[in-house]
Amino acid sequence: MVKKLSLVLMALLLIVLSACSSSSSSSDKKKTIVMGTSADYPPFESVDTANGNKIVGFDIDLAKAVAKELGYKLEIKNQDFSGLIAALGSKKVDFVMAGMVDTPDRRKQVDFSKTYYQSFQVILTRKGTNIKTMEDLKNKKVGVQLGTTQETLAKKVSKTIPMKIQTWDKLNEMVEAMRAGKLDAIVTVDTVAYGYTSKDKTFQQFNAVVDGKTQYDPISAAFPKNSKLAAQFDKALQKLAKNGTKDKLVNKWIKNQ
Ligand code: ARG
């Protein structure tokens with residue numbers, strides 16, 4: 001009798017164990033979504049060299065929160081900004097968060113989420129150069145990141161204020177080049193520039209006002225055309241805005257509010 005009972009118990013135990021292991025293997029199968037980014041654009045995304053080269057930033061934390069909301073595992077692929085649209089086209093990544101602006105031109109190739117952060121374009125320069133207005137950029141060496149809305153703006157402005165435009169793959173390397181005196185100014189956005197001007201008092205920034213207007217650079221996430229993820233993303237984003245998560249992340253990362 002005792003033997004019989006222990007056999008029954010053993011069988012029960014086995015059933016429970018196998019149920020546990022099958023449920024853990026199904027959670028291992030949680031779908032992974034791959035995000036493309038260009039980690040040279042703090043505070044949106046950068047490589048934390050002091051912390052095992054982890055990729056960190058506002059976009060990263062927001063992406064993690066969205067993925068969690070949707071029940072996905074998140075994988076991050078770092079690459080140059082100028083190749084991100086192509087990476088979406090060839091489905092190497094499921095979406096992109098890289099401080100990217102929703103433009104009509106890009107819309108021909110990809111879909112965008114709603115705007116999740118509003119930046120605007122600025123000129124980052126060194127105090128010693130005495131560049132204080134857009135007109136002062138005349139004949140100066142001006143750096144822009146390849147394939148960005150900053151490149152588009154610089155080209156447009158240079159029709160009236162001729163400048164020597166240089167394109168760079170990585171924004172952080174461009175800033176180092178300016179520190180070394182190889183560039184006079186850089187077109188970037190308010191928040192990114194603030195990261196440099198707040199730490200190094202030899203840097204300064206001013207708004208890139210063109211035709212009397214602030215040049216907004218509203219940020220969205222990008223998806224392959226007709227990706228179902230775009231609508232899911234917007235829904236999750238809306239929830240994170242409502243429940244205060246997004247504001248918490250803005251306050252954590254964006255200091256020039
Ligand atoms: N906002 C600009 C654009 O869409 C520049 C973004 C650059 N982002 C980056 N991670 N380097 O074109």
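Order of appearance sets the numbers: ligands from 1, and atoms from 1 within every ligand.
Taking the six-membered ring for Trp and thresholds of 30 and 60 degrees, Y216 and F120 have ring planes more than 60 degrees apart, a perpendicular arrangement. Aromatic ring pairs are classed by plane angle as parallel below 30°, tilted from 30° to 60° and perpendicular above 60°; the pair Y196 and F203 is perpendicular.
Panel note: side chain K246, backbone Y116; a donor-acceptor pair is recorded below 3.5 Å.
Between Y117 and F44, the gap from one ring centroid to the other is short of 6.0 Å.
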Pairs under 3.5 Å, nitrogen or oxygen of ligand 1 with protein nitrogen or oxygen:
from, atom 1, to, atom 2, distance (Å)
ligand 1, 1 (N), G99, O, 2.8
ligand 1, 1 (N), D217, OD2, 2.7
ligand 1, 4 (O), V101, N, 3.0
ligand 1, 4 (O), R106, NH1, 2.9
ligand 1, 4 (O), R106, NH2, 3.4
ligand 1, 8 (N), A98, O, 2.8
ligand 1, 10 (N), S38, O, 2.9
ligand 1, 10 (N), E45, OE2, 3.0
ligand 1, 10 (N), A98, O, 3.2
ligand 1, 11 (N), D40, OD1, 2.7
ligand 1, 11 (N), Q145, OE1, 2.9
ligand 1, 11 (N), Q145, NE2, 3.4
ligand 1, 12 (O), R106, NH1, 3.4
ligand 1, 12 (O), R106, NH2, 2.7
ligand 1, 12 (O), T149, N, 2.9
ligand 1, 12 (O), T149, OG1, 3.4

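N243 and T245 form a side-chain donor-acceptor contact under 3.5 Å, judged by distance and modelled atom types alone.
For the side chain to side chain contact (heavy atoms under 4.5 Å, CB included) test with N78, the passing option among N53, I55, D40 is I55; the others fail.
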